[in-house]
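Okay, so here's the structure we're looking at.
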There are 2 protein chains.
Amino acid sequence: MQEYYSLHPRFYHAVDCIIFGFSGGELNLLLLKRKFDPGMGEWSLMGGFVQEDESVDDAAKRVLFELTGLTNVFMEQVGVFGKVGRDPGERVISTAYYALININDYDRQLVESHNAHWININELPALLFDHEQMVERAKTVMKVQAELQPTCFSLLPEYFTLTQLQSLYEAINGAALDKRNFRKRVAERDFIEKTRLIDKTTSRRGASLYRFNEEKYNNSQRLKI
Amino acid sequence: MQEYYSLHPRFYHAVDCIIFGFSGGELNLLLLKRKFDPGMGEWSLMGGFVQEDESVDDAAKRVLFELTGLTNVFMEQVGVFGKVGRDPGERVISTAYYALININDYDRQLVESHNAHWININELPALLFDHEQMVERAKTVMKVQAELQPTCFSLLPEYFTLTQLQSLYEAINGAALDKRNFRKRVAERDFIEKTRLIDKTTSRRGASLYRFNEEKYNNSQRLKI
DNA sequence: ATTTCGAGTGTAAAAGTAACACTATTTCTT
DNA sequence: AAGAAATAGTGTTACTTTTACACTCGAAAT
C-alpha cells in the first residue's frame, strides 16, 4: 500500500499568474523583469511554488498577494503546463491562473520592489520558458469567460462610465462596438446600475457613473452582457 | 541558485480521466470499481501518476491507453485539483482530463481486466475523493467545447445517421431539439457529408449515413454546429 | 394490400442583431 | 457674451437568425 505512492516520482509544482489590468482604454499585463536566475533579465509572469500546507489555488492567491497586496481578487485556472523540459533548471509542473484586478487598487511599492511593470497586451515582449503560451491561453480563456459571465467588471473601479465599460469590452473583443447598440444592451441588464454620480474628468458635459450590482446579477436570468 | 528549487516541497502528480462514450442515445462514463487501496471497492475515475520522462498530457494519454488500448483520442484538460487533503493517503495534485471515445472501438478485455464499466451519466454513483467534482467540471467544459467546435463527432462511429447525431446533441445539451431545425442546420455545414450508404438496422425505410469531414471543417469558417 | 415505423421535408411568425447620424451639455477661448 | 470644442447621449429600420409546427415517404412485415 505504501508503495502505491512511493514508487512514483515527485515534482515541484509552481503557479504562474497572468494579471490583467485595464487602463487608458487598453488591457495590460503585470510582468516582471527578473532580478534572479533562472532567467535573470528576462520578462516573466509572477510565479511561486506550491507549499505543503496550501492548495494549488491558495498558492496562486498567495503569489498574487505577494506582488500586489490584493486579496479577494477574481482568479481562474488557465491550465497545467507540464512538459518535461519547460523549466531548464529542474522538472517543474506549473498551473497558470489569470487574475482581473482594478488597476487603481494595488500596492505600488510592492509591485516596484518586484521590478514589475504594466505592459500593453498588444505589445508584449518575449517571455521566459513557456510563459507566452500561458498568456495566449489565458487570453482565450478570459475572453470565453467574459462572454459567458460579466466577470470583467473586476477590471473597473466601483464607479465607471459607459464609455469606459464599452472600451473595456472593445479591448477584450479586439474590435469596435456600436455605441447605441452597446448602450441598448446595457439598459436591458439591471445589474448595471446608473447612479446619480457624474464624472467630470473625461468630458466637459460630464458622464453618468454606473456600478455593477452583484446581488442583482445573481438573481437575474444570467443574461450575459 | 540551487536553493531556488530545493527549498520547496515536491508532490506526486496524478492524472484522472473522465472518459465519455455514447451509446443507446445516452452519454456514459467509463468508471472503475477499485480492486486496490486506497478506496478499494469504491467507484473511481481511471488514473495514474506522472512519470519523470513524460509530460502531464502524455501521462493522461498513457493512462487512457492502459485502460482502453486507444491512441489518438480527443482529450482535453479539465483542470487541476490541488487541495491539501484531497487524497487521504498522501499529498497528490491531480490534473483531470476528459476524453471522447467511440464506444465500439475500445479493447474490451483490457477494460474488463481493470474492472471498468460504462455508467449512464445521469445515474452516476458516489465517487472516490474529489472525482465527483472532476466529473462535474468535465461535463461543463465538454459542453462548452462541444458548442464552440464540433469535437463530439469523436463519440460517434465513422458513419452515423442524423438521428444518432441529433440524439448525441440532445444528450450533451440535456434538452430535446427540433428535428427539422436540426437538419436544416446540418445541411448548412458541408463538413457533415452525406454518403450513399444506408443504415437499415434502425428502420424499415433505412436512413442515410453521414460522416464528418475534418479537412472540410478545417477549411471552413468554423461554423459551430 | 395494408399496416407499421422511423426517415425525411418547408413555411411563416417572432426575436435578435446590425447599421446608421444627429442633438445635448458643459467648459474654454477669444 | 458668443462661439468653438469635446465627449455624452439618444431611435428607427432593414436584415438575419431562431423558433414553432405536421404531414408524406419508403421499405418491411403481416
Side-chain angles (χ1 to χ4, degrees), chain A residues 22-26 143 146-148 150 156-157 159-190 192-211 220-225, chain B residues 22-26 143 146-148 150 156-157 159-190 192-211 220-225:
Chain A
F22 181 66
S23 84
E26 306 255 22
K143 205 166 158 175
E147 265 167 38
L148 296 174
L156 293 172
Y159 297 97
F160 50 83
T161 67
L162 292 188
T163 303
Q164 281 178 294
L165 182 63
Q166 182 176 347
S167 64
L168 171 55
Y169 271 92
E170 288 175 333
I172 293 171
N173 253 271
L177 299 172
D178 180 90
K179 183 161 65 159
R180 279 176 286 189
N181 293 336
F182 183 80
R183 283 165 187 247
K184 221 180 302 165
R185 225 159 52 248
V186 166
E188 282 164 12
R189 348 252 139 189
D190 48 356
I192 305 171
E193 284 182 332
K194 187 170 185 169
T195 68
R196 293 179 173 187
L197 304 173
I198 306 281
D199 172 61
K200 310 277 285 190
T201 61
T202 52
S203 80
R204 290 170 183 165
R205 175 177 174 177
S208 287
L209 286 164
Y210 288 69
R211 73 199 297 189
S220 73
Q221 305 313 300
R222 312 267 168 150
L223 291 169
K224 61 190 182 188
I225 183 119
Chain B
F22 181 65
S23 83
E26 306 254 24
K143 204 165 159 176
E147 265 166 36
L148 296 173
L156 293 171
Y159 297 96
F160 50 82
T161 67
L162 292 188
T163 304
Q164 281 178 293
L165 183 63
Q166 183 177 345
S167 64
L168 171 55
Y169 272 91
E170 288 175 334
I172 292 171
N173 253 270
L177 299 171
D178 180 89
K179 183 161 64 159
R180 279 177 287 191
N181 293 337
F182 183 80
R183 282 165 186 246
K184 223 179 302 165
R185 225 160 50 249
V186 167
E188 283 164 10
R189 348 252 139 189
D190 48 356
I192 305 172
E193 283 182 331
K194 188 172 186 167
T195 69
R196 292 181 174 183
L197 305 173
I198 307 280
D199 172 59
K200 308 277 285 190
T201 60
T202 52
S203 79
R204 293 173 181 163
R205 175 177 175 178
S208 287
L209 286 164
Y210 287 70
R211 72 200 297 188
S220 73
Q221 306 311 299
R222 311 270 166 145
L223 291 169
K224 61 190 180 186
I225 182 121

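Numbered from 1 within each chain, the chains take letters A, B, ... in sequence-line order.
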Margin query: Students often get this wrong, so: under 4.0 angstrom with heavy atoms, is B:T163 touching a base, only sugar-phosphate, or nothing?
Written below: sugar-phosphate
Which whole-number value in Å describes the distance from [X] [atom1] to [N] [atom2]?
X      : N      : atom1 : atom2 : answer
A:L209 : D:dA8  : CG    : P     : 11 Å
A:Y210 : D:dG9  : OH    : P     : 6 Å
B:K194 : C:dA7  : NZ    : C1'   : 10 Å
B:K200 : C:dC5  : NZ    : C1'   : 12 Å
A:R185 : D:dT10 : CZ    : P     : 17 Å
A:R183 : C:dC22 : CZ    : C1'   : 14 Å
B:N181 : C:dA7  : CG    : P     : 17 Å
B:L177 : D:dT18 : CG    : C1'   : 13 Å

Next item on the list: For B:K200 and B:R205, work out which heavy atoms get closest and say how close.
Entry: NZ-O, 3.9 Å
Considering only heavy atoms and no angle criterion, is a donor-acceptor pair shorter than 3.5 Å present between the side chain of [X] and the base of [N]?
X      : N      : value
B:R205 : D:dA27 : no
B:R180 : D:dA22 : yes
A:R204 : D:dA6  : no
A:K184 : C:dT17 : no

Notebook entry, point to check: Is any side-chain heavy atom of A:L162 less than 4.5 Å from a side-chain heavy atom of A:Y210?
Noted result: yes
Next item on the list: Look at the rings of B:F182 and B:Y169 and say which category their plane angle falls in: under 30° parallel, 30 to 60° tilted, over 60° perpendicular.
Entry: tilted
Notebook entry, point to check: Which sits closer to the 5' end of DNA chain C, B:L162 or A:S203, going by the nucleotide each is nearest to?
Noted result: B:L162
Note to self: If you compare every side-chain N and O of B:S208 against the phosphate oxygens of C:dA7 (OP1, OP2), does one of them come in below 4.0 Å?
What the structure shows: no
Notebook entry, point to check: Looking only at side-chain N and O atoms, does A:K179 come under 4.0 Å of OP1 or OP2 in D:dG9?
Noted result: no
Check: Run the side-chain contact (heavy atoms from CB on, under 4.5 Å) check on B:K194 and B:V186 step by step: do they pass?
Finding: CA-CA 10 Å; B:K194 188 172 186 167; B:V186 167; over 6 Å; no
Next item on the list: Evaluate the criterion side-chain contact (heavy atoms from CB on, under 4.5 Å) for residue pair A:T202 and A:T163; output intermediate values, then yes/no.
Entry: CA-CA 10 Å; A:T202 52; A:T163 303; over 6 Å; no
Next item on the list: Select from A:D178 and A:G206 the residue whose nearest nucleotide in DNA chain D is closer to the 5' end of that strand.
Entry: A:G206
